[in-house]
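In what follows, a single structure is set out as structure tokens and then discussed.
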Amino acid sequence: MKMTVIGCGYLGATHAACMAELGHDVLGMDSDIDKVHTLNTGKAPFFERDLDGLLAKHTTSGRLRFTASYREATDFADLHFIGVGTPPQPGNDAYDLTHLFDALTKLAPSLTTPAVIAVKSTVPVGTAPRVAKILREHAPAGDLIEVAWNPEFLRESFAVDDTLRPDRLVLGLSTDHSWAEALLRQAFAKIIESGTPTIVTDWATAELAKGAANSYLATKISFINAMTEICEKTGANGTALADILGHDHRIGRHGMQPGLGFGGGCLPKDLAGFISRADDLDADQAVGILREAAAVNARRRQRVIDLTHEELGTDLRGKRITVWGAAFKPETDDIRDSPALAVAQALHNLGATVTITDPKALDNARKLHPELDYVEDPIAAVDDSDLLLHLTEWPHFTTIDPRRLATRTANPKVIDARGILNTDQWRDAGWITRTLGRA
Ligand code: UDX
């Protein structure tokens with residue numbers, strides 16, 4: 001099949017490469033000409049495991065290319081996936097739909113024949129009818145343009161795998177939808193045939209699916225982190241508690257790792273956007289639990305700052321703090337709403353000298369926070385430090401020998417905010433250890 005993907009960020013570039021991998025001819029379209037150029041050389045403008053391999057394979061095979069022209073996109077295919085970003089509005093938690101509406105308004109004038117527009121971007125519930133109206137008003141083919149909602153649940157660092165082997169496929173369709181469903185089933189045929197649960201539903205349910213899923217995931221993380229607040233006061237062990245709860249098949253261990261809490265470009269934004277939309281709908285009571293999940297998450301960041309004061313005193317001026325981790329989670333260079341960077345920035349504002357190390361995210365962090373210090377080697381980063389903070393759980397950090405590390409500083413103190421360092425080993429090596437979620 002031929003298809004386009006409009007908007008080639010994390011979501012769109014991955015979707016385009018994976019559709020080519022499934023055997024389709026794909027044209028990715030993005031208005032950022034530099035991004036188009038990079039993608040056409042077979043590289044992603046960000047780090048995502050396995051994605052460069054797929055981009056290189058299919059830009060070479062000829063099944064995938066990228067353009068900055070809307071006209072070229074509409075000439076290329078009848079099925080257009082939309083993956084443009086929907087960030088929060090400036091100074092507001094509601095989704096900013098400018099990029100989405102702008103892309104549709106630019107795409108529509110060259111939609112002269114029937115087409116299916118399948119939107120993957122995350123939006124507030126109630127957006128689909130607005131999309132259909134824009135297309136009806138601006139596309140020469142008018143009512144012959146069908147709108148479908150196809151939410152994307154991919155995790156960064158597993159984006160390729162999650163796209164090719166999703167947990168479920170959701171097709172949100174209007175009542176008169178026969179062609180859209182047929183085209184999408186054809187596009188995802190290999191995924192459907194492999195047994196992926198496929199839920200065909202209405203627009204509103206499909207729109208809600210992504211926000212509700214991310215709200216649940218965020219709440220689950222905050223639940224275990226709230227429990228660890230009690231662990232910290234009682235001597236209980238938050239990680240062991242998570243293990244015990246996780247063995248209950250109704251609960252499950254996944255998403256129950258206690259620690260510094262969630263960040264990234266999706267969970268915090270979707271939680272806030274979902275709450276904001278519920279407020280608009282006069283359904284604020286329905287999202288009280290989500291407000292609390294956000295509050296618990298913010299308290300985890302503050303807890304690390306409080307522990308830092310406990311270790312280094314109230315006045316942090318002149319203190320040297322090493323931070324292991326800048327990315328919002330391991331195996332990504334994404335620093336959007338990174339808990340690690342938020343803590344680092346707060347400590348810098350309190351007068352500390354903060355040195356950060358991260359295997360992939362240093363360039364992005366340096367651009368956003370030039371006021372912080374950066375070192376590539378996690379061992380050298382500890383030189384003359386008063387305190388080490390383990391804030392992003394890159395596997396590499398856990399392989400570093402604490403004995404070797406202890407020789408680099410006169411103050412071997414560590415706060416493990418992710419709860420995965422081997423505390424016994426670190427103590428034997430002479431470190432004073434504190435672990436978030438434990439007394
Ligand atoms: C998330 C959703 O998982 C995905 O389905 C959606 O499409 C986009 O948002 P992602 O942002 O890539 O994906 O990250 P995820 O792996 O879910 O982690 C989110 C945050 O929660 C990270 O900061 C992570 O460190 C944190 N987290 C995750 C925990 O603190 N504890 C956990 O047990 C799991």
Side-chain angles (χ1 to χ4, degrees), residues 9-12 14-15 46-49 51 83 85-87 120-123 150-163 165-170 206-228 238-239 241-243 245-246 251-274 293-294 296-301 303-304 324-343 358 360-361 390-395 397 416-420 436-437:
Y10 273 102
L11 190 167
T14 308
H15 186 66
F46 48 84
F47 170 71
E48 178 63 45
R49 188 172 27 202
L51 184 56
T86 50
K120 300 187 79 64
S121 309
T122 305
V123 295
N150 173 224
E152 180 58 65
F153 302 95
L154 63 80
R155 293 162 297 167
E156 284 177 30
S157 77
F158 295 95
V160 167
D161 207 48
D162 283 352
T163 305
R165 282 169 285 279
D167 289 336
R168 73 298 216 186
L169 201 58
V170 178
E207 288 172 315
L208 270 176
K210 175 67 182 288
N214 274 354
S215 294
Y216 179 81
L217 293 170
T219 305
K220 192 174 182 191
I221 296 166
S222 279
F223 174 81
I224 194 62
N225 282 335
M227 294 302 104
T228 66
T239 310
L241 181 66
D243 290 341
L245 299 185
I251 298 175
R253 184 63 167 80
H254 196 86
M256 288 274 281
Q257 182 56 34
L260 187 51
F262 58 83
C266 283
L267 253 52
K269 171 191 86 139
D270 288 348
L271 193 66
F274 204 77
V296 170
N297 203 48
R299 287 206 295 275
R300 289 291 79 191
R301 299 178 186 193
R303 177 72 182 148
V304 176
W324 273 1
F328 84 96
K329 67 172 188 180
E331 310 298 343
T332 177
D333 64 358
D334 193 346
I335 55 163
R336 287 176 293 171
D337 203 352
S338 161
L341 277 182
V343 169
D358 188 286
K360 292 278 179 210
H390 175 232
L391 302 188
T392 309
E393 68 278 33
W394 283 93
F397 294 150
D416 179 11
R418 294 293 177 178
I420 58 161
L436 215 59

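Atoms within a ligand are numbered from 1 in the order they appear, just like the ligands themselves.
- His390 and Trp324 have perpendicular rings, their planes meeting at more than 60° on a 0 to 90° scale where under 30° would count as parallel.
- Sorted by chain and number, the heavy-atom contacts of ligand 1 below 4.0 Å come from Glu152, Phe153, Leu154, Arg155, Glu156, Lys210, Asn214, Leu217, Ile221, Gly255, Met256, Gln257, Gly261, Phe262, Gly263, Cys266, Leu267, Phe328, Lys329, Arg418.
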| task | Step by step, work out the side chain to side chain contact (heavy atoms under 4.5 Å, CB included) result for Thr163 and His15. | result | CA-CA 7 Å; Thr163 305; His15 186 66; 4.2 Å; yes
| task | Check step by step if side chain to side chain contact (heavy atoms under 4.5 Å, CB included) holds for Leu267 and Ile221. | result | CA-CA 11 Å; Leu267 253 52; Ile221 296 166; 4.0 Å; yes
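- Residue pairs meeting the side-chain hydrogen bond (donor to acceptor under 3.5 Å, both in side chains) criterion with at least one member in residues 212-225, sequence neighbours excluded, are Asn214-Asp270.
- Under the ring-ring contact (aromatic ring centres under 6.0 Å, His included) criterion, Phe223 pairs with no residue, sequence neighbours left out.
- Partners of Arg168 by side chain to side chain donor-acceptor pair (under 3.5 Å), not counting sequence neighbours: none found.
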